[in-house]
Amino acid sequence: MKHMQRKVGFVSLGCPKALVDSEQIITQLRAEGYAIGASYDDADLVVINTCGFIESAIDESLEAIGDALGQNGKVIVTGCLGAKGDIVKTTYPNVLAVTGPHALQEVMEAVHAHLPPAHDPYTSLIPPQGIKLTPQHYAYLKISEGCNHRCSFCIIPALRGDLVSRPVNEVLQEAQNLVTAGVKELLVISQDTSAYGVDTKYKTAFWNGRPVKTRFQELVSMLSEFDAWIRLHYVYPYPHVDDVIPLMAQGKLLPYLDIPFQHASPAILKAMKRPASSENVLERLTRWRDICPDIAIRSTFIVGFPGETEREFEELLDFLEAAQLDRVGCFKYSPVEGARANALPDPVDDDTKQERLDLFMQVQENISRNKLLQKVGRQLTVLVDEVNEHGILARSRYDAPEVDGMVIIEDDIEAKSGDWLRVRVIDSTEHDLYAEVIE
Ligand code: SF4
């Protein structure tokens, strides 16, 4: 197979603080599509989070590094021992990289350098530019692996198998650890977030002494009690998703849903074998907006799928006009090696694909421009992502990192990534808002 899933062996030694670092690194690795293993020999690379507190901990860490080098060969060392001068490099000159504790970014850079992630625009859960810099104030929380669907353009189920949900107590503990470590926004991801728990038959687990079912609604409801922004990605519009919209209306969950519709024509959706393709999406959107009027819907689409004639493309544009989605990405269809869609008749030629993409984006830009214009004058709470020569780049609850627009603040005030600000929107474009600080 062309790109097998990369596997990282992970060894975590040391105290609870080191464990939080490990959780963050594992969360990020999972989010980027790496599998995590507990043994040295079947992994492509090993990360060891070390402890250097007392002599015996140093010995244990050095021994683990030696074992990993012997059995695997590719080893990245992080944690407290890494902060203790050259001891690791002197003992084992062939380790790939050594960092100190709390070095998520550096560890990820070393992993990318020695085991580059595979990126597929249809199915990767986070964008390629998101891989380079994940600031510490938000984190991806991956709740399951694999997928039970068989979309014809996708090879994820062939690569990663059927849906395997992580136990709900494990997911909640990871979320808790991240929030305790200062993460302010959790981005819940998986290939099919609304299907969470189906494979476990909604098994009950215990967390903080309370029984919790391994199920979408329960997980989301528990997460909504955390002191953090909770943003849901890759949700399909099944009826049970209705249950979480009231939590958005109550302000407990970000009023945001990322639903990869991919198309709107019933014929194309059928050829794509998309989940929830027979649901009446427009009706459902109306109902959600009745309950939570400011819900932001993000989606992605594919134009130029085999069999898409002018008629199906028009259906897609009509849907776009009717649905008035807030954030939209679009790709031209391109075959992925091993996908069944490659055998479908009536491929669309490249020029037509490009024309459709341009037209699609033009229609959506008008929608987006109008929607953002309606926000001018409103007050928003924003989370700062970055401060650079353009000003303070922040996001409101309607914007996911990397893929959506920004709230740009040009005021000359002190701010740093991870800060909360209260702002008033003063201007808008087709993608971004401009705002001034009011508190
Ligand atoms: S839902 Fe479809 S596109 Fe998404 S991972 Fe599953 S098979 Fe692939």
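Start at 1 and go down the list; that is how both ligands and their atoms are numbered. Computation of the quantities below employed the complete heavy-atom set of this structure, encompassing side-chain atoms and omitting hydrogens, waters and symmetry-equivalent molecules.
Taking only non-hydrogen atoms, the option from G146, C151, P260 nearest to atom 2 (Fe) of ligand 1 is C151.
Taking the six-membered ring wherever Trp is involved, the centroid distance between the rings of F305 and H263 does not fall below 6.0 Å. Taking the six-membered ring for Trp and the full ring otherwise, F216 and Y238 have centroids separated by 6.0 Å or more.
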Legend entry - Derivation of the side-chain hydrogen bond (donor to acceptor under 3.5 Å, both in side chains) call for D358 and Q354: CA-CA 6 Å; D358 294 345; Q354 187 61 46; 3.0 Å; yes

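Using a 4.0 Å cutoff on heavy atoms, R274 counts as a contact of ligand 1. Note on ligand 1: Y236 sits in its first shell, one or more heavy atoms being nearer than 4.0 Å.
Judged by distance alone, the side chains of N177 and T180 never bring a donor and an acceptor atom under 3.5 Å apart.
For atom 2 (Fe) of ligand 1, the set of nearby N, O or S atoms under 2.8 Å includes none belonging to C147.
In summary, R327 and D258 do not engage in a salt bridge, as defined by a charged side-chain N under 4.0 Å from a carboxylate O.
Taking every non-hydrogen atom of P157 and a distance limit under 4.0 Å, the qualifying atoms of ligand 1 come out as 7 (S).
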